[in-house]
Colleague: 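I have a structure here, written as structure tokens, and I will follow up with some questions on it.
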Amino acid sequence: MPADRDARSDCLFCQIVRGELPATKVAEDELVLAFHDIAPRSPTHVLVIPKVHIASAAELANDDGPLLGRLFGTIARIAREAGIADDGYRIVSNVGRWGGQTVDHLHFHLMGGRAFDWPPG
Ligand code: AMP
Ligand code: ZN
């Protein structure tokens with residue numbers, strides 16, 4: 001594994017993965033962790049992350065296919081379990097400053113329970 005994917009002591013989500021910071025977990029396996037966003041912007045607002053430190057979606061490559069399958073499979077399952085699958089939901093991954101990324105550890109926002117505008121602000 002490349003060194004840039006080592007756990008970062010200064011990374012909020014690496015700290016959650018290691019149990020050093022609390023989170024309300026929704027799902028967990030050996031590759032991924034899902035937990036409630038601390039400042040929800042919709043009735044359902046869950047963050048789904050890889051346990052390994054990946055700075056953003058810009059760092060993903062071909063070899064990450066299995067990990068991405070697990071992440072998106074987990075998102076779809078949580079959406080069904082949360083009862084938002086039939087009405088639909090939004091999956092968002094912000095990248096960089098203009099993309100609105102505030103935590104530099106890859107995460108997918110699973111948001112549902114209300115309708116969303118398009119395009120986003
Ligand atoms: P982004 O702005 O796309 O990087 O998303 C980061 C998200 O992480 C925001 O929606 C924050 O509310 C959320 N967040 C920040 N700190 C925590 C935390 N300790 N536990 C859960 N969610 C957090
Ligand atoms: Zn991290």
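Just follow the structure's listing: the first ligand is 1, and inside any ligand the first atom is 1. Throughout, residue positions are numbered sequentially from 1 according to the sequence presented.
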Colleague: Centroid separation under 6.0 Å, is that true for the rings of H45 and H109?
Modeller: yes
Colleague: Apply side-chain contact (heavy atoms from CB on, under 4.5 Å) to residues M111 and R41 and explain how you reach the verdict.
Modeller: CA-CA 8 Å; M111 306 178 75; R41 303 300 187 100; 3.6 Å; yes
Colleague: Just to be sure I understand the cut-off, which residues have at least one non-hydrogen atom under 4.0 angstrom from an atom of ligand 1?
Modeller: L12, F13, I16, F35, H36, D37, I38, A39, L47, N94, G100, Q101, T102, V103, H107, H109
Colleague: Hey, is the main chain of A61 close enough, under 3.5 Å, to the side chain of D64 for a donor-acceptor pair?
Modeller: yes
Colleague: Decide if the gap between the ring center of F108 and the ring center of F72 is smaller than 6.0 angstrom.
Modeller: yes
Colleague: Test K51 against E28 for salt bridge (charged side-chain N to carboxylate O under 4.0 Å, His left out), laying out the working first.
Modeller: CA-CA 9 Å; K51 287 189 166 177; E28 180 170 17; 2.8 Å; yes
Colleague: Protein N/O/S atoms under 2.8 Å of the Zn ion (ligand 2)?
Modeller: C11 SG, C14 SG, H53 ND1, H105 ND1
Colleague: Should the heavy atoms of other residues, nucleotides or ligands under 6.0 Å from CG of D86 be counted, would the total exceed 12?
Modeller: no
Colleague: Go through the steps for Y89 and L110 under the test side-chain contact (heavy atoms from CB on, under 4.5 Å), then give the verdict.
Modeller: CA-CA 7 Å; Y89 50 89; L110 165 59; 3.4 Å; yes
Colleague: Under a 3.5 Å distance rule, please check whether E59 uses its side chain to pair with a backbone N or O of H53 as donor and acceptor.
Modeller: no
Colleague: Distance check, rounded to the nearest 0.5 Å: C14 atom SG versus L21 atom CG?
Modeller: 11.0 Å
